[in-house]
Amino acid sequence: MVEVHILRQDKDLAVRGLLKRGITDASDQIDQIVALDDRRKDLQTQKDELLHQVNEKSREIGNLYKSGRGSEANLLKTQVGEYKTEITRLEASMDTTMETLEKALLSLPNIPHESVPAGQDETANEVVDTHGTIPDTDSQDLRPHWELMEEYDLVDLAMGAKVTGSGFPVYKGQGARLQRALIQYFLDRAVDAGCMEVIPPFMVNADSAMGTGQLPDKDGQMYYVEKDDLYLIPTSEVPVTNMFRGDILGLDQLPKRLTAYSPCFRREAGSYGADVKGLNRVHQFDKVEMVVIAHPHTSYDMLDWMVNHTRSILEELELPYRILRLCGGDLGFTAALTYDFEVYSVAQKRWLEVSSVSNFETYQSNRLKLRYRDENGKTRLLHTLNGSVLALPRIVAALLEKYQTADGIEIPDILKTYTGFDCIKKG
RNA sequence: GGUGAGGUGGGUGAGUGGCUUAAACCACCAGUUUGCUAAACUGGCGUACUGUAACAGGUACCGAGGGUUCGAAUCCCUCCCUCACCGCCA
């Protein structure tokens, strides 16, 4: 949620920012929010005043009884009764006001960072960097990863479909070992870079899903276990960020840098077509994530740091990639600035998103009540960030396609010590 | 899943309807004193909302949510969590 005081102080800035998301009535929405907040304050003050009266009168009543003046006490009691009916009325009015306010705030997405380009969809995303050469594939007979998976018996989609359903791959043999090697390598690199590794729960409660913004908006994207009222995590961002929900951190504890491996579960309702072929889009996949909790002054430095980290991994894997700055229309609801990483799939001849690195500023921490204590002892909201080091399936897809040869699939040098083999062969 | 015991500030822990404005101790911060370290003493020490130019002031919060009462940490109801034992189990 955007902080109300920001909307009050920098309304023009907010309006201009939200316009980049294609929101044209932001000014009206903000006016409404501020009016509701004013009303809330007013009701609060009235209610507090009455409660103050009740407290004082109650004390008096106690004293009167003690000195044996029961009739005077009874007189006061009726007066307190009147206060209380009024308080009940104010409370009802406050409840509806706050409910409306909450709703209005939840429907307002984060204000994009000033560097975010305006635009409706991914065509307006800005390519900020491209690295590596895209091979001239016309002359080569490169095969897509789903064929390679099958030929070398690395990933079995049919088997997963039998066991669970479509989109739940079974990794087998060298395919499984490659998967495990990549996870281990990503984690090692993140730990070396200064992150603390955690293994979070893979299910979260509704409070956590609310804290990072999956609820109430993206309800349909998560798997839900009704019997226990729990959600399977769509990314480890959710449990890892929520580990700090409600905390007040000292300046000496910042920035907090964490990394976690987890499987990610996504319903992907409504996806179809060529996008979902092979490992392009699945319901369960592995990912190594980084979560950073930072002081507002350094959060954009941390964002750069995360971007550079992911960049270095892709370079070590020697995969061609590009970095996009998402435009307003493509930016996630809760993010202020997002860089997407895409690797080039040489057989599919298209870019695949493998990482998304975002700064949420105070949008999440406002819900999470995640704060720090500043030099003057005041509590203020922290900035939260997260980014995939990399999501596995599309990396595997890109690796298989790029490193295929007539004799087998080669393993990038950096991974060889992790896999324990240099080349994927048949049988 | 069953039975029992619990959940109070950063920590330990008192508190069974109004002298609680949550004691006391520890930790922490500031000051006083003192060759240094330390100790002693004094004061301060939660969060949120509201309010003020800034103070002050007000309200709420003792696991969560309801209820009883003029008044609830304290009584009642529901739920959550922790611990112990039992059952089941990797």
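All values reported here derive from a predicted model rather than from experimental measurement. Protein chains get the first letters and strands the later ones, always in sequence-line order, with residue 1 at the start of each.
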Subject >> salt bridge (charged side-chain N to carboxylate O under 4.0 Å, His left out) partners for A/R59, two or more places apart >> reply: none
**OP:** May I ask you to check whether A/H295 and A/Y372 place their ring centers less than 6.0 Å from one another?
**Re:**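 Yes, they do, as the ring centres are separated by less than 6.0 Å.
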Original post:
Any side-chain hydrogen bond (donor to acceptor under 3.5 Å, both in side chains) pairs touching residues 161-178 of chain A, not counting sequence neighbours?
Top reply: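 Applying side-chain hydrogen bond (donor to acceptor under 3.5 Å, both in side chains) to every pair that reaches into residues 161-178 of chain A, excluding sequence neighbours, yields A/D153-A/K172, A/D156-A/K172.
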Original post:
A/L51 near the nucleic acid: base, sugar-phosphate alone, or nothing, with a heavy-atom cut-off under 4.0 Å?
Top reply: sugar-phosphate
Original post:
Is A/T78 touching bases, backbone alone, or none of the nucleic acid, heavy atoms closer than 4.0 Å?
Top reply: nothing
Show the atom names and distances, to 0.1 Å, of all donor-acceptor pairs under 3.5 Å that link a side chain in residues 409-416 of chain A to residues at least two apart or in another chain.
from   : atom 1 : to     : atom 2 : distance (Å)
A/D413 : OD1    : A/K416 : NZ     : 2.8

Subject >> Between A/T334 and A/N110: side-chain donor-acceptor atoms closer than 3.5 Å >> reply: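 On atom types as modelled, these side chains do not qualify, holding no pair under 3.5 Å.
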Original post:
For A/Q46, what residues pass the side-chain hydrogen bond (donor to acceptor under 3.5 Å, both in side chains) criterion, not counting sequence neighbours?
Top reply: A/D42
Original post:
From the 5' end of RNA chain B to its 3' end, which nucleotides mark the outer limits of contact with chain A, defined by a 4.0 Å heavy-atom distance cut-off (strictly under)?
Top reply: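 Range of nucleotides touched by chain A: B/G18 to B/G71.
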Original post:
Is any NZ, NE, NH1 or NH2 atom of the basic residue among A/D340 and A/R325 found under 4.0 Å from an Asp or Glu carboxylate oxygen of the other?
Top reply: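 Salt bridge absent between A/D340 and A/R325.
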Original post:
With the threshold set at 4.0 Å, does a side-chain nitrogen-carboxylate oxygen contact exist between A/D247 and A/K369?
Top reply: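 So A/D247 does not pair with A/K369 through a salt bridge.
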Subject >> Base-pairing string, 5' to 3', of RNA chain B - Watson-Crick or wobble, under 3.5 Å, | interstrand >> reply: ((((((((.[[[..)..(.....]]].(((((.......))))).(((((......))))).[[[[[..)....]]]]])))))))....
